[in-house]
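Following: one structure in structure tokens, then a few remarks.
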Amino acid sequence: MDIGARIERRRVTTPVSTLVVEWSALSPVIHVSNPVGRGSTLEQLLDALDPLFDDRLPPNIHLHGPPGAGKSALVSALFSHLSDRLSPMHGTIQTTTRGGNEGNFHFVYIDARRSSTVFRLYRSILDALTDEHVPERGVGTGVLRQKLAATVTHSDPDVVVAVDHVDENETLASGEVLELFDEMSESLSVLTVGREPATADRTLGIAAYSTHELADIITERASQGLQQGVLEHTQVKTLAEWAEGDAHDALAALFGAVTVAVQSDSNRIHDQYLKTAMEAVPRDGVPLGIVLSLPKNRRCVLAKLLELDGGERSSVETSATAIADDTNLSTGTVTRYLYELAEAGILERVAATNSERSGRHPSKLEPRFPTFAFRALHEE
DNA sequence: GATCCACGGGAATACACGGATG
DNA sequence: CATCCGTGTATTCCCGTGGATC
């Protein structure tokens, strides 16, 4: 009896659980509560927010830095912790042991990608601040603004709002965001976060991660999400160097490699998986957060597009008809979506040399986002 | 009845190319 | 040769409509 062979057979046939411990720890779109690194930026942010600790509203702040530098990770984690400590509704029960004026702030973190219109921005904030149901339709933007202004100015706790991902293709501009809160600025201050510098009372910059910091991040995520020892040190190094400081890309590639490994029923992440996954993450591409916050039908169109075979992909037209056949959308609408997605940088139009037909040359669509990770996360 | 917003559809414009014209 | 023109296709732009909700 060959025990080794039996163990091996068992090892090979045992599914998923041998590899992944916690998917959410691996997800490039989920931020951890204690991000690795970024200590000095955290200090600068806390400096800018210092008035809070004297029970005063901080100035409007703008934080900017390159993609994948940990802006969102830092700000969302910071707001969550501030909320625990300085909000009346959270953390320790309000008792007389606390000073009367302590804890008088609400902290709201908004992703401008999901709140991409003025209406949705007001709505998200109002929803976070009140227990009442906030309408999604049937009420005008102005009405929501007045409601929000009333809530903010007439209630005790002042409000600090972080608006992440401003100044993107499809999101509100930082200046616009500031103006939206003009009439409540006595009781509300804003932290905008984006890639580009912008005007605010106080601005802070953040630099891309070093390879070393990135390796730490990958290691940390892998230790939370994967069975111990699955990701080798050299693989971490490969990923970190390849990603050139962009944590999003590194995590998207890792996540992709894990999905490939799981689909192949492997209990290891072979270098080949890693390689394929990295190739499925375009450099300077569009982050998953943008793609995943698109309206449902557009996401479906993208998912279908990824499934098309070579012939169907040869032009926008053929792709659109193939997708429309598979959906309840019209060809015209799918075509428009595809062009809009290309305009937004999510797809890229590359010139196709279709010499058979006369007229203007068609173009082929190539995804500009991490495709493996998208496929897995789009299922939800 | 009001409101937001996703869809549909189609008009307007841009482009490629070959052939005609100056 | 340089430019214009016609035809066929690709791409952009715009706005009305309707579902869902209040």
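Order of the sequence lines sets the chain letters (A, B, ...), proteins ahead of strands, with each chain counted from 1.
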dC5(B) phosphate, OP1 or OP2, under 4.0 Å from Arg120(A) side-chain N/O
yes
Could you tell me whether Arg38(A) sits above the aromatic face of Tyr209(A), with NZ or CZ closer than 6.0 angstrom to the six-membered ring centre and within 45 degrees of the axis?
yes
Base, sugar-phosphate, or nothing for Ser330(A), non-hydrogen atoms under 4.0 angstrom?
sugar-phosphate
For the pair made of CZ in Arg137(A) and P in dC4(B), what is the distance, rounded to whole Å?
11 Å
Would you say the side-chain atoms of Glu132(A) and Thr130(A) include a donor-acceptor pair closer than 3.5 Å?
no
Rounded to the nearest Å, what distance is computed from the CZ atom of residue Arg298(A) to the C1' atom of nucleotide dG8(B)?
12 Å
Nearest-angstrom distance from the residue atom NZ of Lys147(A) to C1' of dT3(B):
13 Å
Between Gln235(A) and Thr238(A), do the side chains contain an N or O donor and an N or O acceptor separated by less than 3.5 Å?
no
Rounded interatomic separation in angstrom, taking CZ from Arg114(A) and C1' from dC4(B):
19 Å
CA sep, side-chain torsions, deciding dist, call: Thr219(A), Val36(A), side chain to side chain contact (heavy atoms under 4.5 Å, CB included)
CA-CA 10 Å; Thr219(A) 306; Val36(A) 180; over 6 Å; no
Expected list for residues 286-296 of chain A near DNA chain B, using heavy atoms below 4.0 Å, is none
May I ask you to verify if any side-chain N or O of Thr333(A) is less than 4.0 angstrom from the OP1 or OP2 atom of dG9(B)?
no
Residue from His165(A), Glu170(A), Arg113(A) passing side-chain contact (heavy atoms from CB on, under 4.5 Å) with Ile290(A):
Arg113(A)
DNA chain C: 5'-proximal contact among Gly359(A) and Ser363(A) (nearest heavy atom):
Gly359(A)
Separation of atom CZ in Arg360(A) from atom P in dA12(B), rounded to whole Å:
18 Å
Tell me which of Arg349(A) and Glu136(A) sits closer to the 5' end of DNA chain C, going by the nucleotide each one is nearest to.
Arg349(A)
Taking the side chain as every heavy atom from C-beta outward, state whether Arg123(A) and Asp127(A) have any atom pair closer than 4.5 Å.
yes
In the structure I gave you, are the side-chain heavy atoms of Thr192(A) and Leu63(A) within less than 4.5 Å of one another anywhere?
no
May I have the distance from Arg123(A) (atom CZ) to dT3(B) (atom C1'), rounded to whole angstrom?
14 Å
How would you give the extent of chain A contacts on DNA chain C, as first and last nucleotide 5' to 3' within a 4.0 Å heavy-atom cut-off?
dG8(C) to dC22(C)
With sugar-phosphate meaning primed atoms plus P, OP1 and OP2, does Val316(A) contact a base, only sugar-phosphate, or nothing at under 4.0 Å between heavy atoms?
sugar-phosphate
Could you state the CG-C1' distance from Leu121(A) to dC5(B), rounded to the nearest angstrom?
17 Å
Given atom CD of Glu340(A) and atom C1' of dG8(B), what is their separation to the nearest angstrom?
12 Å
When you compare the side chains of Thr318(A) and Thr321(A), does any donor N or O come within less than 3.5 Å of an acceptor on the partner?
no
CA sep, side-chain torsions, deciding dist, call: Tyr273(A), Phe372(A), side chain to side chain contact (heavy atoms under 4.5 Å, CB included)
CA-CA 11 Å; Tyr273(A) 300 159; Phe372(A) 289 170; over 6 Å; no
Across the strands shown, which category fits Gly332(A) at heavy-atom distances under 4.0 angstrom: base, sugar-phosphate, nothing?
nothing
Looking only at the side chains, is there a donor atom on one of Asn60(A) and Ser189(A) sitting less than 3.5 Å from an acceptor on the other?
no
By the 4.0 Å heavy-atom rule, please label Thr141(A) as base, sugar-phosphate, or nothing.
sugar-phosphate
Using a 4.0 Å heavy-atom cut-off across all strands, classify Phe119(A) as base, sugar-phosphate, or nothing.
sugar-phosphate
